[in-house]
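Take a look at the structure set out below.
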Protein chains: 2
Amino acid sequence: MITAEQRRSSTHERFREQVRGDVKGVALSQLAAGGPQSISLNAIAKELGVSGPALYRYYAKRDDLLDDIVIDAYHDLRDAMDQAVVATTDLPDPAERMRELARAYRRWALEHPHRYELLFKPLFPGYDAHGEPIAEASAMLIGPALGLLGDGGTRSRLDARPEDVDHVVRVWSRLHGIVSLEIGGTYAAMDVDADELFATEMESVTARLARPSTVQQGRAVPSGD
Amino acid sequence: MITAEQRRSSTHERFREQVRGDVKGVALSQLAAGGPQSISLNAIAKELGVSGPALYRYYAKRDDLLDDIVIDAYHDLRDAMDQAVVATTDLPDPAERMRELARAYRRWALEHPHRYELLFKPLFPGYDAHGEPIAEASAMLIGPALGLLGDGGTRSRLDARPEDVDHVVRVWSRLHGIVSLEIGGTYAAMDVDADELFATEMESVTARLARPSTVQQGRAVPSGD
DNA sequence: TCCCATAAATTAGAAGCTCTAACTTCGTAG
DNA sequence: CTACGAAGTTAGAGCTTCTAATTTATGGGA
């Protein structure tokens with residue numbers, strides 16, 4: 001008899017996790033090749049050498065696999081942002097740190113365009129319905145930026161200052177608009193220099209970030225940009 | 001024998017166009033109900049009382065129907081923007097006209113969220129490949145804004161000033177970022193006032209639009225925001 | 001070592017989809 | 001009135017997701 005206690009974190013569960021990883025690996029290559037439409041459990045099974053419904057032991061529905069891929073993408077982007085945060089701890093200028101964070105965000109999106117687009121899709125069917133996962137995902141993405149604005153750790157990101165949240169959301173909106181159009185090929189089609197547009201826009205949106213030495217706690221100036 | 005000459009704009013062709021309209025109507029309701037995934041030629045046929053492959057006389061592939069829907073959406077959004085342009089001819093302030101244009105854009109997107117998202121999708125499979133349709137669509141969407149900045153008709157939108165194109169693309173990027181996140185439910189999930197955020201952002205991005213009386217030809221100041 | 005419960009994988013198959021092919025129906029031009 | 005061409009029909013191939021029943025493999029307890 002194998003108890004649930006033993007199943008968790010045993011070789012069994014590790015094996016299952018490994019299979020799920022393989023499935024997601026093939027799914028990601030399908031995603032990159034032909035978009036989310038072309039992710040097929042059947043084709044993945046054939047690719048992995050197993051046959052058909054075997055994968056339904058690991059994902060009850062195809063959408064569960066897609067959800068897993070979306071969650072992974074969120075964590076991956078978040079990791080890239082966290083790395084940018086720790087890599088810039090020496091920089092004294094919070095505006096420059098914010099810009100570096102934005103660059104990391106854009107870099108990840110351009111490296112994984114299909115996954116980035118997937119991040120803003122799954123709300124399709126009932127786009128006004130499920131607010132909790134969206135709130136969770138949003139909090140995840142603005143977390144690093146809030147950490148940059150906050151007073152260095154004493155304040156949790158969950159109860160950030162409303163003006164900081166507002167400011168970060170504005171930065172994010174602008175960032176997302178640029179990255180989204182860039183991935184879509186709009187800039188390329190119009191001969192717009194995406195690098196330059198991104199640089200000047202991010203300069204503008206972070207310009208008035210007060211330096212910690214000038215203003216207490218390094219908080220942002222709430223109004224304007 | 002029916003010549004191609006006669007087929008065009010005869011009752012035949014008009015009937016075909018009417019059927020295509022019915023098909024698209026059902027497709028749009030399916031789109032609103034369950035996203036583009038759930039648009040099915042089979043189900044549409046059943047809904048229209050005809051059976052199965054009959055619709056393949058009107059759309060060779062399912063993707064052709066989707067393309068048609070995307071094109072319609074582009075024209076529809078463009079129409080909404082054009083209406084905003086003509087409705088504000090009396091306003092002397094180009095900044096306020098631009099803001100009204102942005103409001104029309106946002107209004108359309110919020111009224112047709114699924115169609116708006118569809119506008120930025122179809123580039124998925126080979127997102128670096130087909131640049132012509134993207135260029136065409138982009139030119140279509142920034143046309144009204146370029147008309148607002150241009151010297152009142154003597155200059156065609158096709159050879160607009162590079163600084164005007166740059167400025168409009170920046171406005172569009174910001175607009176799209178906000179609208180896209182709003183449709184995705186991000187603002188709602190984070191208790192951010194979308195109306196206010198949109199208003200202040202559009203104020204900021206159009207603030208430095210020179211008035212025609214102050215600067216010749218009402219051109220925009222290229223730098224800054 | 002043997003047994004047997006449990007997990008994993010298999011095949012069969014239902015229901016749905018896109019899309020092709022062949023056949024029938026019907027309106028209309030000549 | 002004929003006969004051509006367009007529109008719609010059924011049949012069916014091939015793909016998909018996902019369920020059900022069955023077999024195979026594995027590993028802990030006696």
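Values below: all heavy atoms of this structure, side chains included; hydrogens, waters and symmetry mates excluded. Each chain gets a letter, A, B and so on, in the order its sequence line appears, and its residues count up from 1. The structure displayed is predicted, hence computed values, not measured ones.
Using modelled atom types, one side-chain atom of A/R16 and one backbone atom of A/R57 make a donor-acceptor pair closer than 3.5 Å.
When ring centroids are compared, B/F120 and A/F120 stay outside the 6.0 Å threshold.
Straight-line distance from the CD atom of B/E13 to the P atom of C/dG27: 19 Å, rounded to whole Å. Look at CD on B/Q30: it is 9 Å from P on C/dC17, rounded to the nearest Å. Whole-Å rounding puts the A/Q37 CD to C/dT18 P distance at 11 Å. Distance A/L66 CG to D/dT17 P: 10 Å, rounded to the nearest Å. Taking atom CZ of residue A/R62 and atom C1' of nucleotide C/dG16, one finds them 14 Å apart after rounding to whole Å. Taking atom CZ of residue B/R57 and atom P of nucleotide C/dC26, one finds them 15 Å apart after rounding to whole Å. In this entry the distance linking CZ of B/F15 with C1' of D/dG5 reads 15 Å, nearest Å. Taking atom CG of B/D63 as the reference point, atom P of C/dT18 lies 10 Å away to the nearest angstrom.
For A/A43, whose side chain is taken as the heavy atoms from C-beta onward, the closest listed nucleotide among D/dA11, D/dT16, D/dT19 is D/dT16.
Distances shown here put a side-chain N or O of B/S51 below 4.0 Å from the OP1 or OP2 atom of D/dT10. A sub-4.0 Å separation between OP1 or OP2 of C/dA8 and a side-chain N or O of A/R16 is present. Distances shorter than 4.0 Å separate none of the side-chain N or O atoms of B/Y58 from OP1 or OP2 on D/dA6. The side chain of B/S40 places an N or O atom within less than 4.0 Å of a non-bridging phosphate oxygen (OP1 or OP2) of C/dT18. The phosphate of D/dT16 has OP1 or OP2 within less than 4.0 Å of a side-chain N or O from A/N42.
Under the 30°/60° scheme for interplanar angles, the aromatic rings of B/F15 and B/Y58 are found to stand perpendicular.
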- Message: Between A/R97 and A/E100, is the salt bridge (charged side-chain N to carboxylate O under 4.0 Å, His left out) condition met? List the steps.
- Response: CA-CA 5 Å; A/R97 292 190 74 190; A/E100 205 57 52; over 6 Å; no
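Residues B/E182 and B/L197 fail the side-chain proximity criterion, which asks for heavy atoms closer than 4.5 Å.
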